[in-house]
Every structure is written in C-alpha cells, then in structure tokens.
Number of protein chains: 2
Amino acid sequence: MPRAATTSNLFNAVGDESRRIILETLARGEASVGDLVDELGLAQPHVSRHLKVLREVNVVRCRTAGRQRLYSVYAPGLAPLQSWLIELTAQVNERYDRLDDHLHELLRNTINETRRP
Amino acid sequence: MPRAATTSNLFNAVGDESRRIILETLARGEASVGDLVDELGLAQPHVSRHLKVLREVNVVRCRTAGRQRLYSVYAPGLAPLQSWLIELTAQVNERYDRLDDHLHELLRNTINETRRP
DNA sequence: TTGACATATATCCATATCAGTATATGATGT
DNA sequence: ACATCATATACTGATATGGATATATGTCAA
C-alpha cells in the first residue's frame, strides 16, 4: 500500500504548519480570507483550501458578511485532539503511579525483612 | 513549492494514524518492537521506522533488554502539543468572554436608555 | 445588467511520505 | 566463533499532499 490516506481528519489537519498558523491567526480574532492572505505569505487559493480542510474537521466556522467570509476558530472542534492527549497521558501516568506504588511496597517489604532479624 | 517539509515535528508525528496507534498501545505498557508487530498488523521495518520518528520527536523512549528493545511513551514529550492546544483555546475563549462582556455592557446601556425617558 | 471585488474550485506538478522488500547490525546462547 | 533471534537501516515505488496558476462562482454597487 502507498501512503496512508488520512486526508482531513483532525490530527492531520493540525499536522500542517500553514494550517496551524491560520488557526493561530484566527485565534487572535475573526478574519476574512483576504486578511489571512495578507498576514500569511500564502496565495489566496491556498488559504481557501486550507480553510476548507479546517472547516471539514470542524475547527473553524465562517459567516458571510457582504462579499467576504469571516472565519473564526471553533474551539469545541479541537476537543477530540484534547481528549486523545489527555487520555493518553493519563494512562501513562497511571502506570507510572502504579509502578511507584509497587516500588514503595517493595521498599517497605525490604525494610521489614531487614528489621526482622 | 511541493508538499511542506514538516518531517519529524511533533504535530506531524502524531498526525499519522499508525503512529497514534503505536502510542496508544505503548500507553497501555512498555512493549518490544515484536510485540507491536504482533499487535498491530504492520511489518517490522515499518514499526521500527515509526518508532524512530516517535523517538526523534521525543514522545517515546526505549531501553535495551537483552536482544529486544522495550519502548514506552514519554509523556513530557507531548507537552508542546498540549500547550499549543491550551493556548489556542484559551485565546479563543478569552475573545468569547470579552465579546460576552461587551454584549452585556451593550445590553446594560440599552436598558438604561430605555429607562431614561 | 455590468463591472469590480472576494472567495472558491479545478488542474497540473514536484516531492515528501508511507508501504514493501532485502539486507545490515547487534545481542544471546552454545 | 557460529547460529539464531530481534531490531534497524537502505532502497524502491506508489500516491496523497501542498503549492502554483487559471478559472468559476458569488456578491455588491452603480
């Protein structure tokens, strides 16, 4: 098989730097496509296409205002990424804690055994 | 320019589904390359290479145990992703709050003006 | 309606990335 | 040292992706 077809899932969408920059810019406030074109060095079609990807994974919304479209970050759309991270780290930390407990118990037993004689 | 050269940054590393699955598996506990090969349907070289990417962005660590290498998630390596997300959403929410304040103030003024006559 | 502006879509190209296979490295046990 | 097992690296090929350009759609204003 060739490269994995992961187009347009949230992780992939955020994996691209241009799109991250777009998100960062939009986080500072609603902006039109033209605003984004000016602010980033990208051509208008590129910005539009990146916005489409971001729209499809539901992390930006847009409203039409006259002839321009004003885009903004839709924070709840980032939730899946957040929860994935949180769950992953939680699971890892839980294991650390258990290991810690285990080590403490081992240590306690060792001390007891040392004391016994 | 062709596709953006984002090889081996954290966001990209986590953007790949195979690597996310590897991380999820490792979060359940340390595992050898062979374990991962068995558990996921991937060929050994692929697993090794994905692990290399994950190692390079510092989200997994490995220790040598006899002839196998035991990999585990290194949670602190995920911090940059976490903070990016947190800062982004914080900024967005802050703007929401300000908008909220502004709307409240507008509403208050409107009420006052309505009362005045 | 027509012209101007703003954004979206379509098409083409270069290439980075992933999958597949073969081979190299490295460690263990005899 | 040699055979075996475990993992890493090298190389190849297919393709999805992002960038570039041209064109279509859509909106307003006169």
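Just so we're on the same page: letters track the sequence lines, and every chain starts at 1. Values reported hereafter were calculated over all heavy atoms of this structure, with side chains retained and with hydrogens, waters and symmetry mates removed.
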- Message: So A/E24 and B/W84, do their side chains get closer than 4.5 Å, heavy atoms only?
- Response: yes
- Message: I need the CG-C1' distance between B/D38 and D/dT7, as an integer number of Å.
- Response: 14 Å
- Considering only heavy side-chain atoms of B/S48, the closest of C/dC18, D/dT9, C/dA8 is D/dT9
- Message: I need the CD1-P distance between B/I22 and D/dT7, as an integer number of Å.
- Response: 13 Å
- Item | Phosphate contact (C/dA6 OP1 or OP2) by A/Y71 side-chain N/O below 4.0 Å | no
- Task: Return the nearest nucleotide to the side chain of A/Q68; candidates are C/dT7, C/dA8, C/dT9.
- Result: C/dT7
- What closest approach, in Å, do B/V37 and B/L42 show between heavy atoms, and which atom pair accounts for it? CG1-O, 3.5 Å
- Query: Starting at CG of B/L54 and ending at C1' of D/dA8, how long is that distance when rounded to a whole Å?
  - Reply: 15 Å
- Side-chain N,O (B/H50) to OP1/OP2 (C/dT17) below 4.0 Å: no
- Message: Without decimals, in angstroms, what is the distance between B/R63 CZ and C/dA27 P?
- Response: 16 Å
- Note on the structure: With sequence neighbours left out, the residues meeting side-chain contact (heavy atoms from CB on, under 4.5 Å) with B/R95 are none
- Selection from C/dT17, D/dT9, D/dT7 that lies nearest to any side-chain heavy atom of B/K52: D/dT9
- Task: Specify the separation, in whole Å, of atom CG of B/D16 and atom P of C/dT17.
- Result: 11 Å
- Message: Which residue is it: A/R55, A/R63, A/R61? I am looking for the one with a side chain to side chain donor-acceptor pair (under 3.5 Å) to A/Y71.
- Response: A/R55
Write down the protein N/O and nucleotide N/O pairs, taken from nucleotides 21-30 of chain D, whose separation is under 3.5 Å; answer none if there are no such pairs.
{"from": "D/dC28", "atom 1": "O2", "to": "A/R67", "atom 2": "NH2", "distance (Å)": "3.4"}

- Item | Spacing between A/L70 atom CG and C/dA8 atom P, to the nearest angstrom | 11 Å
- Item | Under-4.0 Å side-chain N/O to phosphate OP1/OP2 contact, B/S18 with C/dT17 | no
- Item | Interatomic distance where CG belongs to A/L51 and C1' belongs to C/dA6 [whole Å] | 13 Å
- Heavy atoms of B/V57 and B/N9 approach each other most closely as CG1-C, 3.6 Å
- B/N12 CG to D/dG18 P: how many Å, rounded? 10 Å
- Message: List the residues meeting side-chain hydrogen bond (donor to acceptor under 3.5 Å, both in side chains) with B/R19, not counting sequence neighbours, and say none if there are none.
- Response: B/H50
- Query: Toward the 5' end of DNA chain D, which comes first, B/R49 or A/R19, by nearest nucleotide?
  - Reply: B/R49
